[in-house]
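Lettering follows sequence order; numbering is per chain, from 1.
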Amino acid sequence: MAQINPNAYPTAYKISHVDSDGTTPLDIEFSYDLATLVIEGNISMDTVMDGSNSYGGFDASAHNYWVGGSIYGRAQGNPNDPAYGGVSWSSHQVENPKQNLRWFLKITSSASTPQGENPVRWTPQLDDDELTPTYNPDNEQSMVSAMTNNTIRLKEGGIYSLFYTMYPITKIDLDKIQLYPAFTVIRYAFTYNEDDIITGVTSTVSRYHWNDIKPEDNTAAGANYNADLWQYGFYDEMDSENPYHVKYRYVVDSCYVEQYYWSGKRSASGSGKLSAKINNTAWDFSGDAVLPSNTGYNNLYGYLVPLSEGVFNVGGVSGVMINPVSGLIFGGTATNMNKYISFDTSKTDSMYYRDVNGQGTTMIASPTTTGTGFTLKNDENDMATASVIISQPYGSLFGAAISPDYDLPSHYELRDNGAILRINQSSNRNVIGLVNAPFPIEKLWQSLASLGVYVVGTSSIPSGDFVLGRDFPSWLYHGEVLSDGTTTGVMIQGEDIEDLPNWDTIDYEPVIPTPTPPGTEGEESGDRIPNNERYFSGAYNFVTQYAMTRQQLGQFGNLLWSSWADQQGITDMWKNFKMFISADPASDTGSIDIASVMDFILSLQVFPFDLSSLLHTDSANVCIGTGQYPLAVSGKKLLTINHILDCGTRAIPRPYNDFRDYENMSITAYLPYCGSVELNPGDVVGRSVSIEYSVDTLSGSCTAVLTAHDDDGYLYNVGMINGQISASIPMTATNSGQIRAQRISDVASLAGLAGNTFLGNITQGSSINPSGVDSNPIGAISSLATGTVNRSFNSAMSAQQMFANRFSRGAISCPTLAGGNGIAAFFQPACPYIQMRYGLYQKPDNYDHSVGGVSATSAPLSNYEGSGFTVCENVDISGFTCHEEERSAIKALLESGVYL
Amino acid sequence: MTISFYNVQDDNRVVNKNLGNAVHTVSNAQVYRETSIMSPQFLVDYAGYVVNSNYVHVPMWNRYYYVTDVTAMPGGRAVMHCREDVLMSNKDAILNLDAYVLRTESTAINKLIVDSKVPTQANRHCKTIAYSPIFNALDTNYVYLLTVVGGVNRGSNQS
């Protein structure tokens with residue numbers, strides 16, 4: 001039973017297999033005639049392409065097609081009917097939409113009509129609850145496997161693992177350059193034996209933006225161009241509030257696309273901005289809601305890079321038929337996605353939110369049909385909150401579209417909290433679908449980082465069968481992919497592709513790993529700091545906290561300082577208070593002792609955030625003492641002591657995409673009320689960093705915690721600092737901090753006494769420091785709260801006496817905000833931020849030619865022939881038969897630099 | 001002795017130089033006086049190609065030489081002062097050399113290794129990434145927190 005290690009991200013373009021003992025020779029072959037790659041996309045298992053149909057279900061003679069998991073149909077027409085290219089389509093109801101999440105195969109065709117050969121029969125089927133395909137012989141369907149110059153042969157009895165490469169929606173078909181950026185979408189392992197179970201892990205990652213990249217005028221016709229889609233990053237170009245901008249970088253030899261990113265913020269004109277540089281010349285083009293024509297540089301497409309953390313779930317549309325000749329959509333069932341976004345090209349800046357009937361066969365609305373939903377505004381926030389983010393767990397299908405022109409496809413566009421799908425409306429031939437990527441964002445990044453590009457450096461590739469894994473024609477290029485799945489930007493050519501790590505292998509043995517956070521080996525861990533989920537309310541057995549507004553606080557002050565005799569409530573309140581002061585409540589004569597009221601107030605603090613926004617609050621009238629007589633002042637009663645404040649998550653970009661991202665880089669997190677924390681660039685660059693504050697409302701202390709996802713997708717701390725987030729407002733002439741510390745001590749002692757009195761065996765807090773402001777009241781109270789304390793203090797006479805003895809009656813001052821602890825810092829800028837400071841480098845264009853970049857590799861120098869300037873170190877020239885002076889001269893030259 | 005004359009434009013540090021076609025080949029060249037094999041002098045008939053060539057190949061010695069100077073001699077003769085191109089002369093051995101390549105110009109650059117030779121400016125770029133400004137409540141919000149002793153159980157809730 002084959003299993004796939006989901007962490008072993010594919011390097012793409014791999015089709016490989018093993019049988020049960022791993023020794024069977026190659027049974028699956030892919031042959032590409034890359035010169036005529038015109039079908040970009042995928043074929044789902046639901047797409048029945050009967051091998052008996054000589055056209056294999058598709059006619060690629062006239063158009064370029066790409067098909068996907070959301071296309072569902074059966075080729076059952078007259079294969080000889082030229083009007084339909086040999087194929088007709090009929091509706092085929094999708095009973096289980098999940099079935100549409102299937103393997104994807106890249107099928108290519110030549111310019112000639114493909115001929116069905118060597119039909120492949122396989123039968124994938126997904127379980128209902130998991131993305132686990134299982135083999136179902138009763139539901140066997142067939143798929144054509146061969147077209148001209150393309151063969152796929154699967155033999156029964158073998159175990160096959162498909163490591164699939166999803167090719168871009170858009171074919172890049174340029175006059176002089178053909179780029180075939182590819183990205184891995186799904187990998188599966190499956191068996192073909194009836195007794196075997198297909199197992200595997202799906203990792204559906206999809207995105208694509210690709211655009212017409214047209215060579216600059218100075219690119220030579222017929223010349224070879226290398227290209228590599230390599231590093232990507234997140235670009236905070238436009239708005240620090242929305243830092244998720246994707247930056248791609250291409251190196252296309254003399255056609256150099258330096259930046260290629262979505263600005264993330266729609267401009268005033270309603271269009272996003274896509275920027276690129278070719279040969280360091282800005283190449284800006286825009287267009288968003290208003291889709292451009294098919295020509296020129298004005299095309300704009302989005303990208304799919306999931307920006308939300310965690311599961312990236314979206315819905316899909318299935319059962320959609322596409323007339324292979326006309327390209328028109330007909331039939332179809334919207335499943336798991338009853339909404340989609342489209343544009344109306346007749347209206348500027350319009351993007352419509354549409355509902356699609358999710359049941360039965362439904363005509364997918366023609367993109368030219370005016371949507372009836374709301375129109376999104378030209379605002380990022382509006383877009384983000386306009387429910388355009390489609391979220392449906394595991395209902396994911398991959399989209400399909402057909403666009404003969406191939407340059408106006410549907411595409412995905414990412415937002416902070418997910419992706420939206422855009423339909424190119426001008427082509428009028430689009431079906432939308434969405435992807436499902438149940439991984440944390442770092443996983444997706446990792447997967448994206450594994451992307452490479454097949455580059456065909458010529459437009460005149462010889463025809464023939466080229467079997468990946470056996471044939472490496474010299475015109476085939478591939479981006480170097482390291483074993484960790486990241487690309488380097490280095491292009492590998494021809495047979496050297498074979499040397500890429502894992503280029504054609506899959507680790508079959510490892511089980512699906514469950515990353516274990518340090519220190520908790522063996523335990524399943526969530527993706528949040530465990531402490532975030534713990535709230536302490538035990539201390540509120542002894543104290544009560546009320547969040548108040550300025551108005552409510554004023555009311556409270558009036559209550560304290562107005563004419564006491566006129567307030568019946570105060571008289572009653574006094575009856576309540578006195579029991580703590582006098583051992584004989586019946587002897588009270590009703591006189592008011594204001595100082596005793598203040599003695600029940602532990603503290604008055606001011607916080608810089610709205611306490612009512614905390615999770616655990618409840619509206620209540622202010623009560624003190626035994627609480628028999630609530631005062632006529634209301635507030636928000638806090639139900640727990642500790643709270644978590646989420647300041648959000650931001651991506652830390654990689655400014656250079658090389659060592660300079662880490663060298664001479666300092667990153668400081670400035671955290672209001674705490675200070676600053678230096679972050680290790682290696683921990684955070686290229687990752688998303690979250691900031692949370694853990695706040696103790698009793699003491700006003702806080703801890704700012706910075707976290708990032710590790711390579712396994714789990715959170716880890718990258719920084720932490722303590723601080724004081726509240727400012728105390730003195731209410732008596734006695735130092736309020738001392739009073740507060742004393743009261744906390746009193747409460748703790750009282751609880752202990754009460755517990756000892758009635759329960760007898762309550763553990764008292766051992767960490768109480770009655771004299772210090774910085775004592776640990778929470779620990780003390782929390783430890784007390786672990787016991788069950790009878791709160792009938794009336795009977796705890798020893799406690800009453802203690803309180804009576806402790807009361808000190810200083811003159812009472814008005815409750816005004818005064819300077820002191822925390823006040824000055826309180827009014828400092830209160831926005832957490834991270835500041836990156838990195839070096840600026842002067843690296844001229846001829847730097848590598850004159851100085852060379854660091855290589856630190858070892859190989860025969862013939863391997864570097866053509867690499868240009870090369871510097872060796874400590875050359876061992878043993879074996880050279882020349883004279884000593886010549887040997888010395890050779891050694892000196894190699895160590896000072898030669899041109900190979 | 002046979003020597004071939006070339007005009008080479010490649011940098012002296014190019015291992016495998018592009019020689020092009022020989023400008024001329026003579027078979028009557030002689031070694032002039034005592035000479036080192038690394039910096040020999042050849043006596044040849046004076047001709048235009050002698051003056052205009054900058055590179056020679058001596059097949060008998062299996063070596064290539066830069067022409068450093070030419071001295072005209074009486075009797076229509078000229079002396080070519082040469083210096084050996086050890087790279088070209090030993091190019092096969094060099095290309096077969098398994099070496100530790102510290103720096104290279106193209107394909108094998110590891111971009112994540114610190115390159116101390118890249119000139120660094122004295123100033124630095126400063127980039128700020130702001131988080132949600134959640135600490136901006138006004139005191140019309142619930143920003144005051146009153147902590148009192150007791151007050152438990154008897155408070156009447158109000159919505």
Side-chain angles (χ1 to χ4, degrees), chain A residues 240 490 544-548 550 553 600 602-603 605 607-612 620 623-625 627-628 630 636 647-648 650 658-659 663 691 830-837 839-843 848 852-855 857-858 860-862 867-873 880 886 889-890 898-899, chain B residues 13-15 38 86-87 90 93-115 117-121 124-137 139-159:
Chain A
S240 61
V490 176
T544 305
Q545 291 190 294
Y546 299 94
M548 306 175 81
R550 177 176 61 191
L553 190 65
F600 283 89
L602 202 57
S603 68
Q605 304 170 80
F607 286 78
F609 59 93
D610 191 344
L611 293 159
S612 66
C623 294
I624 58 177
Q628 285 181 327
K636 292 280 189 180
C647 297
R650 298 291 184 266
D658 59 23
F659 74 92
E663 183 73 5
I691 296 178
C831 178
Y833 63 95
I834 286 178
Q835 197 163 68
M836 304 173 68
R837 291 178 294 276
L840 297 172
Y841 295 84
Q842 185 68 32
K843 191 175 181 182
D848 288 343
V854 179
S855 177
T857 55
S858 176
L861 291 180
S862 57
S867 296
F869 186 70
T870 304
V871 178
C872 303
E873 183 163 294
F880 277 54
E886 293 175 311
I890 293 171
V898 297
Y899 288 97
Chain B
R13 291 169 293 176
V14 174
V15 173
M38 290 192 69
V86 294
L87 296 177
N90 297 274
I94 290 173
L95 292 177
N96 289 327
L97 184 65
D98 193 348
Y100 172 63
V101 175
L102 186 63
R103 308 182 73 87
T104 185
E105 179 177 345
S106 55
T107 57
I109 295 175
N110 187 333
K111 294 179 180 294
L112 290 178
I113 296 179
V114 175
D115 186 353
K117 289 195 173 183
V118 178
T120 307
Q121 296 182 197
R124 305 177 79 194
H125 184 77
C126 188
K127 182 181 184 64
T128 300
I129 301 169
Y131 282 70
S132 300
I134 63 173
F135 303 122
N136 57 356
D139 67 352
T140 52
N141 301 118
Y142 288 88
V143 297
Y144 296 101
L145 187 64
L146 179 67
T147 303
V148 301
V149 176
V152 181
N153 289 339
R154 304 299 179 85
S156 61
N157 292 341
Q158 65 181 23
S159 57

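- In this structure the side chain of Asn110(B) never reaches within 4.5 angstrom of the side chain of Thr857(A), judged on heavy atoms.
- Between Met836(A) and Ile129(B) there is a side-chain heavy-atom pair separated by less than 4.5 Å.
- For the atom pair OG1 of Thr870(A) and CG of Leu861(A), the computed distance is 7.5 Å after rounding to the nearest 0.5 Å.
- Nearest heavy-atom pair across Asn90(B) and Ile890(A) is ND2-CD1, 3.4 Å.
- Put simply, of Leu102(B), Val118(B), Val101(B), the one with the most heavy-atom pairs under 4.5 Å next to chain A is Val101(B).
- The candidate with the highest count of non-hydrogen atom pairs below 4.5 Å against chain A, out of Leu97(B), Thr120(B), Leu87(B), Asn96(B), is Leu97(B).
- The candidate from Asp115(B), Ile113(B), Val15(B), Val14(B) with the greatest count of non-hydrogen atom pairs under 4.5 Å with chain A is Asp115(B).
- Considering CG of Leu112(B) and CZ of Phe659(A), their distance stands at 9.5 Å, rounded to 0.5 Å.
- Contacts with chain B were tallied for Gly648(A), Pro860(A), Gly839(A); Pro860(A) has the most, counting heavy-atom pairs under 4.5 Å.
- Proximity to chain B involves both the backbone and the side chain of Glu886(A), based on heavy atoms less than 4.5 angstrom apart.
- Only the side chain of Phe880(A) comes within less than 4.5 Å of a heavy atom of chain B; its backbone N, CA, C and O stay farther away.
- Most heavy-atom pairs under 4.5 Å with chain B: of the set Cys647(A), Cys872(A), Ser858(A), this distinction falls to Cys647(A).
- Ranked by non-hydrogen atom pairs under 4.5 Å with chain B, the options Val898(A), Leu840(A), Asp848(A) are led by Leu840(A).
- Within the 4.5 Å cutoff, side-chain heavy atoms of Val86(B) are placed close to those of Met38(B).
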